[in-house]
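Working notes, structure below.
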Amino acid sequence: MFSPHLRLRPDVLSRDILASIVVFLVAVPLCVGIAVASGVPAELGLVTGIVGGLVAGAMPGSSLQVSGPAAGLTVLVYEAVTDHGVAALGILVLTTGILQVGLGLVGFGRWFRAISTAVVHGMLAGIGLVLISSQLYAMAGVSAPGGGLDNLTGLPDLLTRITGAPAISSCAVGAGAIAVLILWKRLPGRLPQMLPGPLVAVGLAILAVAVFDLPVASIEVQGLIDSLRLTGLDDFGLLADVGLLGVILAFTLIASAESLFSAAAVDRMHDGPRTHYNKELIAQGTGNTLCGLVGALPMTAVIVRSAANVQAGACTKASRILHGVWLLLFAALFPAVLGLIPVAALAGILVHAGAKLIPVTTIRPLWREHRGEAVVLAVTALAIVLTDMFMGVLLGIGLAVIKTAWETSAIRLDIDERDDRTTVALVGSATFLRLPLILDTLEALPKDRPVELDFSRLRHLDHACRTALDAWSTHNGPAESPEPEKAGTPREAALAGLAPKSEGPPRTTDR
């Protein structure tokens, strides 16, 4: 299916063209909606989609995944634009792209796969909650109170503000868009496969507003060229702000992780060439560098558009390149169409997209089978809602590391009490995390008989445990210390976390 000569075959080219049209129809409402939700001109979302198709789509890395503006970065972009202004967006995205290219060149791309999936799902769930809470206000045609927590706690008050024809009409349009997205794929026949749900939802919303003359706000159109702002050398002075550096790190981490996790998911959808993660990271970085130069939104690989590309029968990267061509033609030839799209319809589409980011179906089985992972997921999502994206992801990663350290340092103390002595065998990994358990167990042993410590079944003994056990031996040992053993003896090997080579019980006897 993916031989080098595929691009020369007419049937393959026709499938790629058809797939590119499907992806284009999916991308238009999402690019525009994400831009509006991010607080920037709608045209900038199309610019990012164009760069994702023409630039990242043509570069090596992944074969079929599609790049563009993603809902996963909407909240972070909105916060950055609110705090630092639209003018800072270009340098933020430009620096993010340069970092991504550098990370790809040094081979760091594959290490993003080491990020806990619980953290990633928690990050997406937190983004989904914040996205839903903010876009519900946009659906009602009113301004949101502020951050994620304020938006969530203000939802009951939002119900009291939905009064008057404009607010009610806006809610109806947004709710109708959500209903179309839910019901569209359930319709029989091939029509749901030929026309993407978001496009149908936007089209019906435009029709309803026009037919019923609804007092609903539409997108403000500036024009493709007028919306661009070239990043200059003076903008690099903004990097002196420490707060912006944190935003850049968050952009880099989240955009890279989301792109590479998307690539792994897309690889499972087809039997073609696998993703080269470092090259894909370089492609994403190159795209973001160009997006930053023109002041557009940050770019990531997007699973919704990528899945649509695969399901539409794409065979080569020509489909994603062509989708960028169609976006460019649309933005250049039909910009006035954007002014017809109701803001409430786009808000409804993003509410639906935010709900899909929350892994509702996986939380219950995850809690039953891997409770620690479920806790990491929930804490990450909650931290994003309560603080911000960067702190939430850092907290999630830190908690995942602690959980892993706790699980890998599991230790069991087997106590064998006999008439003449007590033998305590330490089994597993003795680390500082388990030191209280080890010392409590040793101190609770009877004091009227010798105690022998058996380290032969330890996989690891860290410095803290070794120091503490030496101190316990000294404190509880005989008045006259035994003759010290030479390095390399079984006792020394056991204390180093290695099983003794000689047979027989270890000579680590303390009293």
Side-chain angles (χ1 to χ4, degrees), residues 22 24-38 42 45-46 69 71 74 127-144 151-152 154-221 302 304-305 308 330 334 336-358 360:
V22 172
F24 160 72
L25 295 177
V26 173
V28 169
L30 291 177
C31 288
V32 174
I34 290 168
V36 173
S38 301
L46 293 175
T74 301
I127 292 170
L129 290 173
V130 176
L131 191 59
I132 291 171
S133 63
S134 63
Q135 293 307 301
L136 286 175
Y137 291 90
M139 277 179 55
V142 299
S143 58
N151 291 343
L152 283 175
L155 289 179
D157 181 63
L158 175 62
L159 297 176
T160 65
R161 299 168 62 184
I162 304 176
T163 57
I168 295 175
S169 300
S170 184
C171 283
V173 171
I178 295 174
V180 170
L181 291 172
I182 294 174
L183 299 175
W184 183 248
K185 287 189 176 182
R186 301 182 183 180
L187 294 178
R190 298 186 58 185
L191 188 60
Q193 299 177 358
M194 297 174 59
L195 289 178
L199 182 69
V200 175
V202 168
L204 291 178
I206 294 175
L207 182 62
V209 170
V211 170
F212 298 104
D213 193 23
L214 299 177
V216 176
S218 298
I219 294 177
E220 296 181 3
V221 179
V302 189
V304 175
R305 274 157 266 184
F330 175 81
F334 309 104
V337 175
L338 298 178
L340 301 176
I341 301 176
V343 174
L346 295 178
I349 291 173
L350 291 178
V351 167
H352 182 264
K356 292 175 67 175
L357 292 177
I358 303 174
V360 177

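Values below: all heavy atoms of this structure, side chains included; hydrogens, waters and symmetry mates excluded.
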Please enumerate all residues that pass side-chain contact (heavy atoms from CB on, under 4.5 Å) together with Ile219, with sequence neighbours excluded.
Val32, Val36, Ala42, Ile341, Val343, Leu346
Check whether any side-chain heavy atom of Leu199 sits under 4.5 Å from a side-chain heavy atom of Phe24, and report yes or no.
no
To check you understand the geometry: which heavy-atom pair defines the closest contact between Val180 and Gly197, and what is its length?
CG1-O, 4.3 Å
Side chain to side chain donor-acceptor pair (under 3.5 Å) partners of residues 129-139, not counting sequence neighbours, each pair once
none
Please find the pair of heavy atoms, one from Leu195 and one from Trp184, that lie closest to each other, and give the distance.
O-NE1, 2.8 Å
May I ask you to test the Val337-Val28 pair for a side-chain heavy-atom distance under 4.5 Å?
no
Got a second to check how far Leu136's CG is from Leu131's CG, nearest 0.5 Å?
9.5 Å
Rounding to 0.5 Å, atoms CD1 (Ile162) and CG (Leu158) come to a distance of 4.5 Å
Under the side chain to side chain donor-acceptor pair (under 3.5 Å) test, residues paired with Asp157 that sit two or more places apart:
Thr160
Minimum-distance pair of heavy atoms, taken over all atoms of Leu350 and Ala37
CD1-CB, 3.3 Å
Atom pairs and distances, side-chain donor-acceptor, residues 167-176, under 3.5 Å, sequence neighbours left out:
from, atom 1, to, atom 2, distance (Å)
Ser169, OG, Ala165, O, 2.8
Ser170, OG, Met139, O, 2.5

Shortest non-hydrogen contact between Gly348 and Leu181, atoms and distance:
O-CD1, 4.4 Å
Nearest heavy-atom pair of Pro69 and Gly45: which atoms, and what distance?
CG-O, 3.5 Å
List the atom of Pro196, the atom of Leu25, and the distance in Å for their closest heavy-atom pair.
CG-CB, 3.6 Å
Using side-chain contact (heavy atoms from CB on, under 4.5 Å) as the criterion, list what pairs up with Pro29, not counting sequence neighbours.
Pro198, Val202, Ile349
Hey, what do you get for CD1 (Ile132) to CG (Leu152), rounding to the nearest 0.5 Å?
9.0 Å
